[in-house]
Amino acid sequence: MEQLSDEEIDHGAEEDSDKEDQDLDKMFGAWLGELDKLTQSLDSDKPTEPIQRSPLRQETNMANFSYRFSIYNLNEALNQGETVDLDALMADLCSIEQELSSIGAGNSKRQITETKATQKLPASRHTSKHGTLKGLSSSSNRITKPSPANYSLDDITAQLEQASLSMDEAAQQSVLEDAKPSVTNQHRRTASAGTVSDAEARSVSNSSRSSIASAASSMDSLDIDKVTRPQELDLTHQGQPITEHAISLRCPSKQAKRQIDFTEEQAELTPHSYLDRETSLLLRNIAGKPSHLLTKEEQAAKLKAEKIRVALEKIKEAQVKKLVIRVHMSDDSSKTMMVDERQTVRQVLDNLMDKSHCGYSLDWSLVETVSELQMERIFEDHENLVENLLNWTRDSQNKLIFMERIEKYALFKNPQNYLLGKKETAEMADRNKEVLLEECFCGSSVTVPEIEGVLWLKDDGKKSWKKRYFLLRASGIYYVPKGKAKVSRDLVCFLQLDHVNVYYGQDYRNKYKAPTDYCLVLKHPQIQKKSQYIKYLCCDDVRTLHQWVNGIRIAKYGKQLYMNYQEALKRTESAYDWTSLSSSSIKSGSSSSSIPESQSNHSNQSDSGVSDTQPAGHVRSQSIVSSIFSEAWKRGTQLEESSK
Amino acid sequence: MAGMKTATGDYIDSSWELRVFVGEEDPEAESVTLRVTGESHIGGVLLKIVEEINRKQDWSDHAIWWEQKRQWLLQTHWTLDKYGILADARLFFGPQHRPVILRLPNRRALRLRASFSRPLFQAVAAVCRLLSIRHPEEMSLLRAPEKKEKKKKEKEPEEEVYDLTKVVLAGGVAPVSFRGMPAHFSDSAQTEACYRMLSRPLAPPDPLLLQRLPRPSSLLDKTQLHSRWLDSSRCLMQQGVKAGDMLWLRFKYYSFFDLDPKTEPVRLTQLYEQARWDLLLEEIDCTEEEMMVFAALQYHINKLSQSGEVDEPAGTDPGLDDLDAALSNLEVKLEGSAPTDVLDSLTTIPELKDHLRIFRPRKLTLKGYRQHWVVFKETTLSYYKSQDEAPGDPIQQLNLKGCEVVPDVNVSGQKFCIKLLVPSPEGMSEIYLRCQDEQQYARWMAGCRLASKGRTMADSSYSSEVQAILAFLSLQRTGGGGSGNHSQGPDASAEGLNPYGLVAPRFQRKFKAKQLTPRILEAHQNVAQLSLSEAQLRFIQAWQSLPDFGISYVVVRFKGSRKDEILGIANNRLIRIDLAVGDVVKTWRFSNMRQWNVNWDIRQVAIEFDEHINVAFSCVSASCRIVHEYIGGYIFLSTRERARGEELDEDLFLQLTGGHEAF
């Protein structure tokens, strides 16, 4: 509390603001002064050392850990002199630079508007629009002049206003009616004008190591305008200038050096510790208020405060980190790219497929290899990539590989080999596969395949392996204790699957003297070194291995896995215009006709002597077939059927 | 007209006398005698009977039952000749709807009127409509098991029988909702209570009762139940059911379509109850870990159901709408006034600082708990040798995000420990925090739990979490694990946790209540946030994912085999199981099935699968009609996905499951 007000004083010109009626002009004055300072420093291309820091801000910074793996990878890339990637990054940087200058222009423009509109309330609307402009222009990745952008923003705001009651509007109205609401007004203006985020800048300059670079959380760049319209969050987060530090800091060229300075200033300008400022302003204003008002609404205020806390937590959650990752390709080359922390593996895969012109296939996968433990795992499409990569340690030798892996969706291509719990591989008609998948994944709960059998379990800390009879259930992996029967009540829980991921072990025959090379490993994703908490299992053959791995995936992810597959299928199909047309229509055709067929089979058998075509026809009429192709296909299959 | 006479009183037409008893199959019943001819229509006969009885009454539900042929004469335009009725026919003129007592899946008894004249399938559909249960095709009726005479001697408490016989449902119209329940339940306090019984999960049973109830000890015992199913294509009257008989209403086919927790509380609750009793009576086996989850869910459901919050909140939905609301609130608040401390608390990140005793289990150390100065901020726990050293570097700093939090509490022993399993690149680090009292424990525990989910103590759920933990502790004091502290009064003890009512008897034998309570409470943590219907749904889903779920067992003898075996019928497959060992011998899937035939004379079912696989067996424990109906029923149910939104295709069902009338 004390600290906060001290800080306020440092900002100058606001000491008087506790008198609520006269603070309006002063507030503007203060802000204009600051904006001037900022724009000056922007023009002079020189980093301004932040004047003061807010302790609170720094603590809430989530920048304190682990973006290092990307740096590690990038450093490696630099050492190898892979200029291709850097060129690409430079291109990105240039566009970012352009964005920044356009933002700069926007900011100075805003300054003008504000000056003009010192006391007029509509001005505040203007400023808020400019606030959002930043996000928009940077996300659209091109130079935008402020005034035309205003129009598009007007459109957007118009739409959004319907959805949410925006704070500034309400503030305007209330200002007109009431003297008190000037508080709100100020507060809002504070936010949109862009406070210096000292902690932000400090954290950047303090840590000379590039490691924190990308980490500067973009939290502070959320100004209140955006917050009032949550829908805009997406927009504004996409091209956050701060996140660009990551690249600029690591670029060895001189231009990049300049970029750093530039972006740092930008970081000062755009993000701001609105929380401290805003609340301290409030405190100041409220402090001057008659006390009876406070006590009167204390109770309600407490409730509201609780809700604000919720909001703030959510704002915090809405932080977007970006980082540069290095993806190894199957041909030993590598690509460096930037990912957003919200991106799923699926999105990154789509990106990579686009960039590498490798053709679309279901089997493209992102594989994580943990070299120290000699294990690897195919990331699931729905997983968050950044979250997983953050588990790597600073000096990790782990790699991310982009490659085709048939294991990824083999489960759905030949479900009979995985879901039926049979020992031998078999063929199955396509329609039966679909029925099987539907049965397994589309019911009210997912059926975990019954997998059981003898596996080898590695002793903790020893290179010896023991046989045990294991069973997979939806609730985890169990084993049969010695001398007991295989009944549920006597099973001992080996592991529950909530906290572990399943990995393929590599060459454990050498490393751990495993009986075979078909090993699977279960460990918490955060564990990166040898530990007693890692469980090693070894199967007799590769088929058993895949059955277990896929069974565990089903138990762990359930329906999500099937949805991933269908999504991937959709992407692959839509990638080819012509082929997709025919293949998808065949697909729908076969699915619509195959099931009724099996249907009619069943109803025929009933010995009640009713006409057998009735139920089949009944069901067939249900199937909705949209395209001509599938219509034709269907006619074909019906002909076939009748000729049988 | 029948009954033309000469002057001497001789009948000159071909008319004859027909005696009809009035009432339900009772030889003592009053009777009327009519004069009819072979050409008389049933409708005309009905009219005459009513005239003959000459009593003012609503006769619309009455029809004639032909006792010898075990048949209702429902076609009013048919003549007596067409039915083949002669003067010796024993006919009863009685109501088609008669009261029966249904034993619901939740084991409560309910008296209502069911149709005795229509096929059971339709009668069940009507009952389900009355109870507002969708998808009646999944349910059916069983005969109540024979009561053993021995049981009679034990004094059985008179049980309450709910009564719905007076409730009439308007036909055709979809039941409208009124005051949160279907309108026909809201007539009287009695029916409202009945609806509550139907739609709310009941309290856990008395553990002693649970131990007394019969439980299947082998697979063979599990086949008993399935021999009692009634035939869905024939009416109750034909199957020898009398008015006032007790029948069981159960979900017969384990394929629950389109289960919607929001709109159908009765179906969800009854399904939950059936699942619960299945587990408690060991009809289905599960592992210890699974039982704990089931127990925790039951405990949670029971708590919610008793506290009366039927289906509100629980989910503090993290959506942007909240953010919106919160910010507009912020705005409102900012205009007004707020105490400074509130604002202060907003900006400061709450933290916990205290002296706690910490124990880190390591190999080769025998050190116990040691006092440390512990600071818990954001999601990070740091501890120092003493408070003075706090500004410096901590001994250790742990980020609790993603960690496992396990309570280690013994209220009577005044032990309040938190076990943390914190993942790190090197593995899991284990650390125990020992708190002094409940209050301290609750605050730290709540913080740890939030931190493990990546949230800080600034999260709005913090204080409710603290309250929940405190509530638990008081429960443990009064509940099964407690030291007998009865000062809490009757209310608290009633709400207390008696773990024996929540687990199957074999776990009662295996564990002491003191051991069970903490395990159930531990499992409860993961489900504590669920609403009533979500928790019920979770329970049902966990039940469904048990390997043995949904298998109906029948003793059969396969063709060419000399010993009895078990046939398991599930919603997608048939399973051949060894009777003695219980191992699965072979599985056939319905999707590979080409046809099945029933030879009613030798009671044999023959099934042909793809690739010319033929299977034939005769049924031992149940009639082959039951097996046939199960197979046909599952095939029928599998067609529903494609016929979504359509009216129930009753004809198809009867075609698939019936058909033996022809013989």
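Below, each value reflects all heavy atoms present in this structure, side chains not excepted, and no hydrogens, waters or symmetry copies.
Highest contact tally toward chain A, considering only B:M291, B:E608, B:E290, is held by B:E290 [criterion: heavy-atom pairs under 4.5 Å]. Note on A:Q496, A:Q528, A:R473, A:E439: by heavy-atom pairs under 4.5 Å with chain B, the leading option is A:R473. Between chain A and the options B:Q544, B:E426, B:E282, B:M428, the largest number of non-hydrogen pairs under 4.5 Å is found for B:M428. Annotation: maximal heavy-atom pairing with chain A below 4.5 Å, among B:E288, B:Q541, B:R589, B:K510, occurs at B:R589. Your options are A:E372, A:H499, A:M428, and the one with the most heavy-atom pairs under 4.5 Å with chain B is A:H499. The choice from A:A555, A:S531, A:S488 that makes the most heavy-atom pairs within less than 4.5 Å of chain B is A:S488. Contact count versus chain B (heavy atoms, under 4.5 Å) is highest, among A:P525, A:S475, A:A474, A:A429, for A:S475.
Only the backbone of A:K530 comes within contact range of chain B, judged by heavy atoms closer than 4.5 Å. Proximity to chain A (any heavy atom under 4.5 Å) is shown, for B:T287, by both the backbone and the side chain. For B:L537, no part lies under 4.5 angstrom from a heavy atom of chain A. Heavy atoms closer than 4.5 Å to chain B are found in the backbone of A:V446, but not in its side chain. With a 4.5 Å cut-off on non-hydrogen atoms, A:L420 touches chain B through its side chain but not through its backbone.
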* Mind running side-chain contact (heavy atoms from CB on, under 4.5 Å) on B:S591 and A:L436 for me, showing each step along the way? => CA-CA 8 Å; B:S591 57; A:L436 185 59; over 6 Å; no
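B:N572 has its side chain out of reach of A:V435: every pair of non-hydrogen atoms, C-beta onward, lies at least 4.5 Å apart. Between B:E289 and B:R519 the shortest side-chain heavy-atom distance falls below 4.5 Å. Side-chain atoms of B:I631 and B:I607, non-hydrogen and from C-beta on, do get closer than 4.5 Å to each other.
Atoms NZ and OG1, on B:K401 and B:T380 in that order, are 10.0 Å from each other to the nearest 0.5 Å.
B:N526 pairs by the side chain to side chain contact (heavy atoms under 4.5 Å, CB included) definition with nothing, not counting sequence neighbours. Under the rule for a side chain to side chain contact (heavy atoms under 4.5 Å, CB included), the partners of A:T447 that lie at least two apart in sequence or sit in another chain are A:C440.
At a cut-off of 3.5 Å, with distance as the only test, a side-chain donor of A:Y533 or B:E430 sits close to an acceptor on the other residue.
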